[in-house]
Structures are given as structure tokens and as C-alpha cells.
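Data first, discussion second: the structure below is written as C-alpha cells.
Position 1 is the first residue of the sequence, and the numbers go up from there.
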Amino acid sequence: LCWYNRSLSCFSNSSAFCLGFFFFFFFHQNETRMSEFQYIYHEKQDAGLCAVHTLNSLLQGQYFNEIDLADIAKEFDEAERQVMMEMGSEDPAFLKFMAEDSGNLADDGNYSVQVIQKALTIWGLNSEPITNPEMNSVKNNPLLSDSFICNMQSHWLAIRKLNGEYWNLNSLLAEPQWLSSFYLSAFLDTLTAKGYTIFVVTGNLPNPVPNTSDKNWKRVNLKGNQQSKRVDREQDDLEEAIRASLADSHLNKVSRIEKTQEELDEDEELAEALALSRQSQSNQSVPVEKIERKVETDEEDEELAAAIALSNQIPAKEERKLESEPEKGEDTTEILFNLPDGSRLSRRFMRSAKVDDLYLFLKGERSELGTSFSIRTAVPPTSLPKDSVTLNQLGLVPNAKLIVQK
């Protein structure tokens, strides 16, 4: 009986242990599976409202709609109107400005950069182009920032770090795209190469509060995204390795050809030297001093000719000419100039063009402006420096309206 009681007690303890272990294993596995998923707010493209989608995806919630951004655009339009009124309500430039459509809200629903930046300030956030010298640290190491917004012409997209992982929240995607910390820098470089302007968002972003009843809150599989992205990256690495191998093979062929040519040139020089040596030995009537003087004279003549050629090149310095207007593309920007006489000029420039190119264009098109004129933005009224700063660095993309003053 004692043995039976002890056996029953051991069995009960073992059963309790097994049951406890089962529940621990079950909940641990369930917790692990749950950690592989997370909810991310992601709005998909609707008409031309990518700017609205970008802001909401960045802030992780429905913070703005098209009416909110339209109201901000109207505020900027009114501020620009006040600036133009300084010229006088009867001034041709003011009348023409009033006759035109808004420069901050396009018919297709696209908003100007300053509208997006103003919307961010409502939530205590700021944005600066990554090319701004103040953003050099982030440009060199994008991991120093948790969020970015990117613009190319009429399209916007957001990138944000959520739960320690970066996500591409482009509204054109079916779901958020995971970006590894290693891949983030390469992804931003790819966007820049395509013509996007990258803005670094600074400030404290709101913490996400998922609402599973809202269809815009997507349940994403982090592990699945990582595996899928890893396969794509391995394929890209393979293709890059093949291209590099072919390039090396081509360079080796070119190197061998160049080496063969160098050997031929050396053989020709050696043959000439031998011929000259034989000629000097056979012609004993020519003194060595005379030959040396002739060589020195020839060298002096060559130096004199080179000096004359160089002197002819020095005065040839001309004013840099403006390149022809580029075709409309992802790497261009449209600039509209409001001139002092009320007329307007518009031209397309490369985003990499310098501010000097704007002055050069106006000098060529309107000689009556002379050299004592300045170019400034409408809102805020800031004069553009006459230096090598690019239009992209100043944020004058994908379009801008500038005022010319004498």
C-alpha cells in the first residue's frame, strides 16, 4: 500500500510537471509566432493623393486628408499674394499672378514641398534635404535618422523605423516593404539616382496605436519579409557579380592590347636610337659640339612654340555658356520667374544645375536686367546666393516660383 501511494504521488507530480511544461511550450511558441507579426499603418494609392498617404503613413495614422493640405496651400497662396501686392494692385506682375492657378496645389492633387513641410511642423516635426550641409552626418550614415520622406515630381513616399526595423511605406506598394539596416543606404542611393529628393525628418514622431478594425493597419510578417528580401538581394548580388566578372574580363583584354601597343612603341624608339647612333658614327665630319648645339636649339624652339601656344590659350577665357534646356524627366525641375516688368519666364533646368545657371539664363534672355538684379523665393522671401549651390540642395524641385528684383 505504501508503495502504491508513493507511485501515485510520483505520477501526480510527473503529470503536473508535464502539464506545466506543455503550457509553457505552447505560450512560448505562440509568443514567438506573434513577435514575427506586427501592425503597420499603410495607405494605398488613391488618385493623386500620395502626399496625403505619405504623411499619414509616416505619422502612422489618419492625421491629414486632402482638405487639410488644401487649406495649408491656400495659406501659402495668400502669403504669396501679399508679397506680390507690394508691387501695387495695378502692377502687371500682380495681375498676371492673380490670373494664374495656385502654385501650391496642382489640379492633379499634388502639393508643393512647402505645404508638406508646413504640415509636418503642426506635429512638431521638421524636414531638411539630405543634401543640406547640416545633414551631412545622416547622408554619410542614414541609420542616424528614423524617418525620411522622398519626392520625385508628383510622387511622394515615406520611410520610417518601426519597432527597430525600417519600412518602405510607398503607397504604390501592396503592403509595407521591410528594409534591412544594411540595405537602407543603398535604397536611398537608388532613389537619388532615379531623381528623388530625400528629406530627413527630425523631431519626435507619434507612437503607433494600431486599430485592427481599420483596413489601413496591415498585419505584416516580419520573418517572411526578411526572407523574401534576402532572396531578392542574393539575386541582385549574383547579377552584380556576373557584371563585375564580365567587366574584369573586358579590362584584362584592353590591358593586354595597351601593353602590346606600348611594347611596339618602345621597339620603334629603340630602332630610331640605333639608326641615329649608326648615323653619328658614320658621319665623322660633324663635330659633337655642333650636334649638341643643334639639339639644344631644337629644344628651345619647341619650348618657345609651347609658350606661344599657351599664351594664346590664356586670353581665350570666356564666360560659361548655359547648356541647352533639357527634356522633361525625373532629374529636371520647372522654374517660373516673375520679372520686374510684370512678364514671366519659365524654363526647365537639371536638378543638379547651380544657382549661377539661373542668373546666366536671365542675363541671356533679358539683357535689360543688367548685372544688378537678384532672385528670391516668394515664401519665405529669401534671396538666392550667387554661388555653386544646386537647385536640388535648395529644395527648388520639382518646381519653383521665383521673383526677380532689380
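- Contact record, R219 with Y39: CD-OH, 3.3 Å, taken as the closest heavy-atom pair.
- In the displayed structure, I67 atom CD1 is contacted under 6.0 Å by at most 12 heavy atoms of other residues, nucleotides or ligands.
- Proximity of F337 to L358: side-chain heavy atoms (C-beta onward) are separated by under 4.5 Å at one or more points.
- Distance alone, capped at 3.5 Å, is enough to place a donor-acceptor pair between the N56 side chain and the F64 backbone.
- No more than 12 heavy-atom neighbours from other residues, nucleotides or ligands sit within 6.0 angstrom of CD on Q62.
- To the nearest 0.5 Å, atoms CG (L172) and CG (L157) are separated by 8.0 Å.
- Side-chain contact between L69 and L49 is absent, with no heavy atoms from C-beta onward closer than 4.5 Å.
- For R347, there are no salt bridge (Lys or Arg N to Asp or Glu O under 4.0 Å) partners two or more places apart in sequence or in a different chain.
- By the side-chain hydrogen bond (donor to acceptor under 3.5 Å, both in side chains) test, N141 pairs with no residue at all, sequence neighbours left out.
- Contact annotation: the side chain of K354 never approaches that of L360 to less than 4.5 Å [non-hydrogen atoms, C-beta and beyond].
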From CA spacing to verdict: side-chain contact (heavy atoms from CB on, under 4.5 Å), L322, D357: CA-CA 7 Å; L322 185 65; D357 292 326; 3.8 Å; yes
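- Applying the side-chain hydrogen bond (donor to acceptor under 3.5 Å, both in side chains) criterion to S171, with sequence neighbours excluded, gives Q45.
- In terms of the side-chain contact (heavy atoms from CB on, under 4.5 Å) criterion, residue partners of D146 (sequence neighbours excluded) are, by chain and number, K161, Y166.
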Table please: side-chain donor-acceptor pairs of residues 190-198 below 3.5 Å, with sequence neighbours left out.
unit_1: T190; atom_1: OG1; unit_2: A186; atom_2: O; d: 2.9
unit_1: T192; atom_1: OG1; unit_2: L188; atom_2: O; d: 2.9
unit_1: T197; atom_1: OG1; unit_2: R351; atom_2: NH1; d: 3.0
unit_1: T197; atom_1: OG1; unit_2: N392; atom_2: OD1; d: 2.9

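- Using modelled atom types, no side-chain atom of E365 and backbone atom of L362 make a donor-acceptor pair closer than 3.5 Å.
- Sorted by first and then second residue, the pairs that involve residues 338-359 and meet ring pair (Phe, Tyr, Trp, His ring centres under 6.0 Å), not counting sequence neighbours, are F349-F361, Y359-F373.
- Note that OG of S112 and CD of Q117 are 8.5 Å apart. Values are rounded to the nearest 0.5 Å.
- Scanning all heavy atoms of the two residues, the minimum distance from L55 to A119 falls at CD1-CB, 3.8 Å.
- When side chains are defined from C-beta on, I375 does not count as touching I403, because their heavy atoms never get closer than 4.5 Å.
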Hey, can you pull the donor-acceptor pairs under 3.5 Å for the side chains in residues 201-215, sequence neighbours left out?
unit_1: N211; atom_1: OD1; unit_2: S213; atom_2: N; d: 3.3
unit_1: N211; atom_1: OD1; unit_2: S213; atom_2: OG; d: 2.6
unit_1: N211; atom_1: ND2; unit_2: S213; atom_2: OG; d: 3.4
unit_1: D214; atom_1: OD1; unit_2: N216; atom_2: N; d: 3.0

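- Looking at every heavy atom in both residues, L391 comes nearest to V397 through O-CG1, 4.4 Å.
- Annotation for Y111 and E66: closest pair OH-O, 3.1 Å, computed over non-hydrogen atoms.
- Checked against I159 for a side chain to side chain contact (heavy atoms under 4.5 Å, CB included), the options T54, N170, L184 give a single hit: L184.
- The backbone N or O of P142 sits nowhere less than 3.5 Å from a side-chain atom of S145 that would complete a donor-acceptor pair.
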Please assess N399 against I335 for the test side-chain contact (heavy atoms from CB on, under 4.5 Å), listing each intermediate value before the final yes or no. CA-CA 6 Å; N399 53 64; I335 304 295; over 6 Å; no
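- Within the structure, every pair that satisfies the side chain to side chain donor-acceptor pair (under 3.5 Å) test and touches residues 130-139, not counting sequence neighbours, is listed here: E128-N132.
- The CG atom of L369 lies 10.5 Å from the OG atom of S374; values are rounded to the nearest 0.5 Å.
- Using modelled atom types, no side-chain atom of T332 and backbone atom of K328 make a donor-acceptor pair closer than 3.5 Å.
- With rounding to the nearest 0.5 Å, the separation of CG in N338 from CZ in R376 is 9.5 Å.
- For E330, there are no salt bridge (Lys or Arg N to Asp or Glu O under 4.0 Å) partners at least two apart in sequence or on another chain.
- Here Q60 contributes atom CD and L162 contributes atom CG; the two are 4.5 Å apart, rounded to the nearest 0.5 Å.
- A 4.5 Å side-chain heavy-atom check between F199 and I116 finds every atom pair outside the cut-off.
- Atom CG of residue L336 and atom CG of residue L402 lie 8.0 Å apart, to the nearest 0.5 angstrom.
- Here the side chains of V404 and L345 are not in contact, with every heavy-atom distance at 4.5 Å or above.
- Annotation: W123, atom CH2; neighbour count of heavy atoms from other residues, nucleotides and ligands within 6.0 Å does not exceed 12.
- For E368, the salt bridge (Lys or Arg N to Asp or Glu O under 4.0 Å) partners two or more places apart in sequence, or in a different chain, are R366.
- In plain terms, the two heavy atoms of S147 and L58 that are nearest each other are CB-CD1, 3.6 Å.
- By the 4.5 Å heavy-atom criterion applied to side chains, S127 and V113 are not counted as neighbours.
- Residues L169 and I40 meet the side-chain proximity criterion, which asks for heavy atoms closer than 4.5 Å.
- Take E334 and apply the salt bridge (Lys or Arg N to Asp or Glu O under 4.0 Å) test, not counting sequence neighbours, and it matches R348.
- Every residue two or more places apart in sequence or in another chain that forms a side-chain contact (heavy atoms from CB on, under 4.5 Å) with K218 is listed here: H42, K44, P176, V220.
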How far apart are the C-alpha atoms of L120 and N126, what are their side-chain angles, what is the distance that settles it, and do they pass the side-chain contact (heavy atoms from CB on, under 4.5 Å) test? CA-CA 6 Å; L120 289 174; N126 295 300; over 6 Å; no
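- Nearest heavy-atom pair across E165 and W167 is O-CD1, 3.2 Å.
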